[in-house]
Amino acid sequence: MKKAQKVLSYALMLVMLLAIAAPGLSVAHADETFNVTINAADAFYMPYGMGPDGTVVGLYAAGGYGAHITFPYEATEAGTYTLTLRQAFGAAQLIPGKGETVYLSVYDNGNFVKELSFPITGDWGTFADVPFDLNLTAGKHYITFWHENTNSCGGPNIDYLDVKLGNADATRLQAEEVGAYQNGGMGGQPLGGFYSNRLAAAMFTIENVPADGYYALALTFQNGNPEAGGNDAKLAMIVNGVYVKDTLLPDQDNWGIEATQTEIVYLKAGTNTVRYWRFDMTLPNPLRPDDGGNQAAPNLVSLNVTAHVHTKDEGVVTPPTCEDKGFTTYTCTDPACGYKWDADEVPAVHKDEDSNGICDICQKECCEHDYQITVTPPTCKDKGFTTYTCTKCSDSYDGNFVDANGHTMGDWAVVKPATTGVAGEEKRECADCDYVETREIPKKAPSFKVTLGGLEGLFNANQMSIDASHAGFSGTGFVAGFYCNPGAHITFTVTVPAAGEYDVILGYAMGTNEAKGNPGTLAIYVNRNKVGSTTFEPGANWSTYLEKSEKLTLKAGENTITYWAENAFGDPAPNIDYIEIGGTRYEAEDAVFPNHMGGAEQLEGFYSNPEAAVQYTISNVTTAGKYVITLIYANGNPEAEDQPAKLALLVNGKHVRDLSLACTGTWGDYRTYTVEVELEKGDNNITLWKVDTAKQGANLKSISVDGASANTGDESMLLAAVVAMGLSVAAIVLLKKKGEMSV
């Protein structure tokens with residue numbers, strides 16, 4: 001016998017012995033009136049034989065449940081294995097009234113593991129995989145698939161079983177080569193078919209068991225085949241899907257003699273199953289019990305089930321010690337039972353003849369304590385308890401714990417009042433101890449409020465365009481429209497190999513007539529953040545092209561560089577020809593700039609207008625701190641396909657966050673959007689900038705600034721008009737368009 005088989009056999013025997021002979025288990029008595037006999041011919045068995053046909057066929061039977069097949073597999077290590085059963089079930093032979101689901105029970109070494117359910121494949125030539133997981137110990141395993149659910153529409157033909165652990169290759173077990181199965185039919189009265197029928201099995205269903213407890217199972221059988229050589233027949237007993245023991249059925253010399261073998265087993269109240277299976281784990285090959293092993297096999301006549309009440313013997317006394325209790329171990333006198341249990345406990349006892357509190361045997365303290373009680377009351381934070389101290393010895397312990405009282409806190413008192421610039425502090429004290437709690441008083445919200453109309457900002461009111469009317473330019477033209485056009489801007493997208501400081505050369509032209517000898521000024525933004533401004537000296541005329549160099553810090557990869565006219569109306573500004581970085585020239589006619597923006601009652605022009613932007617100056621902010629900006633807008637263009645309008649928000653030239661203004665349905669419906677920002681004392685610039693080319697954009701009705709806190713985001717509340725706010729402050733008034741000027 002292989003070592004793995006021996007270990008598994010001993011383990012199964014140990015489980016059985018623990019179940020029937022472990023000291024200390026309580027005695028469960030069955031209902032003594034229960035008595036039922038089940039004829040073997042009424043048991044659950046396979047009436048037809050099974051056989052190979054490329055696949056193993058025979059699990060399907062029109063009413064012939066009980067077919068089963070067993071695959072051997074030796075696991076090299078313990079773990080969760082993935083098993084895949086390859087099977088086919090043809091729809092043409094469905095059992096009437098059973099639906100279209102196939103059920104197979106899975107057993108591992110005689111123990112029920114799980115039930116598989118899977119649909120039919122539709123044809124006996126169509127195979128499908130049924131995967132499932134199974135926890136296996138290291139060593140030999142016999143994995144059985146049993147057609148035993150009477151609700152099943154039938155049983156499949158089985159091709160093979162794949163077994164694998166983790167990412168290892170699967171072991172394929174071909175059903176017709178390694179699988180063992182019941183190769184002959186069973187039936188008759190008495191129930192025959194065990195002899196020369198490997199893995200034959202019969203299952204008795206015991207119904208209406210009245211109570212949990214021990215019951216006597218008296219199996220009436222015949223065992224008289226001379227080829228058995230006088231050997232007892234051996235069948236594995238499985239009770240409620242758990243292997244219990246091997247049942248030995250003694251040889252009776254001829255088939256005409258009936259005998260009875262009684263086993264005592266534990267049954268639960270209700271329905272129980274008892275299976276007798278020709279499966280012998282003690283053999284070198286349990287799947288072939290008639291090859292080199294015991295060839296004896298019985299016929300089964302009936303199974304009688306009666307209640308069993310343990311009758312105890314005189315018992316074996318275990319006397320008490322100084323520290324361990326004593327007890328008596330009784331054994332049931334019924335030779336078919338042998339159940340053992342402990343009863344009649346005797347407490348542990350010390351011997352102290354000189355009454356000094358020390359045991360004469362174990363030399364440990366054994367005082368009969370006389371405790372003095374000391375009560376420690378609870379405090380605000382500590383539990384109360386009672387201390388018990390023996391007046392005869394040193395034994396002492398705490399008990400009767402009482403929860404802490406908790407603090408009795410007074411009212412909050414202001415220690416330092418809050419201002420708009422500094423947080424305050426307040427505290428409160430416990431009335432019963434020195435515990436003190438402090439907490440911060442938030443800064444007071446600034447009281448500043450202002451509302452500006454959408455058109456009261458700085459934006460590209462005039463048309464910007466690509467022009468080629470002044471010779472001498474680089475590329476195919478230049479971009480005009482900065483002169484007398486506050487808010488005009490152009491954005492170049494450049495790429496550099498590494499982060500660092502770069503010389504950026506701007507090619508431009510600016511005539512002396514309009515400049516009146518004064519330099520022009522443009523603000524510079526890098527990646528939507530303002531980094532400063534640059535000035536441009538005028539040339540002789542608009543056909544005189546000059547260069548101006550600035551050192552700009554860029555990140556590795558793609559960057560945006562924007563030149564923005566933030567000067568007052570009428571101040572000089574150039575035409576822009578190109579920028580050049582590290583020898584790479586970026587032509588202005590290839591850059592991005594906004595088209596005309598404006599409107600009658602609201603600021604329009606964000607829709608389908610890349611780089612559209614507006615800048616508001618919030619004047620005379622009274623206190624630096626957090627403020628809430630509220631936009632009232634409409635976003636209703638159907639071409640936007642319900643997409644939000646996206647704008648970058650800059651505060652004082654710093655990109656703070658991106659806003660997402662949800663669709664309002666139509667251009668006549670308005671919605672509010674709020675966002676919290678940090679403002680400085682005095683004047684602040686708020687810029688809203690479209691930084692993508694998507695077909696979306698919002699019309700801006702108004703922008704408000706308030707010192708009160710609020711939830712940020714789109715409030716999803718449609719407005720019909722702008723609500724005026726309290727304080728009025730100075731605002732930049734849109735400068736009227738003076739007319740187009742060709743430069």
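Just the heavy atoms: all of them, side chains too, but no hydrogens, waters or symmetry mates, feed the values below. Positions are given from 1 along the sequence. Quick caveat, the model's predicted, so the values are computed rather than measured.
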Exercise. Under 3.5 Å, is there a donor-acceptor pair between the side chain of Asp159 and the main chain of Gln87?
Worked result: no

Exercise. Would Arg86 and Asp129 satisfy salt bridge (Lys or Arg N to Asp or Glu O under 4.0 Å), going step by step from the backbone distance to the final call?
Worked result: CA-CA 5 Å; Arg86 185 72 168 175; Asp129 291 336; 3.1 Å; yes

Exercise. So, Asn39 versus Gln189: side-chain donor-acceptor pair below 3.5 Å or not?
Worked result: no

For this session: Specify whether Phe401 and Phe385 have parallel, tilted or perpendicular ring planes, treating 30° as the upper limit for parallel and 60° as the lower limit for perpendicular.
Result: tilted

Exercise. Tell me, do Leu199 and Phe279 make a side-chain contact under 4.5 Å, heavy atoms counted?
Worked result: yes

Problem set entry | Neighbour count >12 (heavy atoms, 6.0 Å) for atom CG, Asp370 | yes

For this session: Evaluate the criterion side-chain hydrogen bond (donor to acceptor under 3.5 Å, both in side chains) for residue pair Ser302 and Thr37; output intermediate values, then yes/no.
Result: CA-CA 7 Å; Ser302 64; Thr37 298; over 6 Å; no

Exercise. Hey, are the side chains of Tyr276 and Leu303 touching, using non-hydrogen atoms and a 4.5 Å cut-off?
Worked result: yes

Exercise. Between CG of Asp162 and CZ of Arg172, what distance do you get to the nearest 0.5 Å?
Worked result: 4.0 Å

For this session: Tell me, please, which residues at least two apart from Tyr103 pass ring-ring contact (aromatic ring centres under 6.0 Å, His included).
Result: none

Exercise. Could you go step by step and tell me if Tyr371 and Tyr397 meet the ring pair (Phe, Tyr, Trp, His ring centres under 6.0 Å) rule?
Worked result: CA-CA 10 Å; Tyr371 288 109; Tyr397 69 94; 5.3 Å; yes

Problem set entry | Backbone of Tyr243 reached by a side-chain donor or acceptor of Asn111 within 3.5 Å | yes

Exercise. Hey, is the main chain of Val265 close enough, under 3.5 Å, to the side chain of Lys245 for a donor-acceptor pair?
Worked result: no

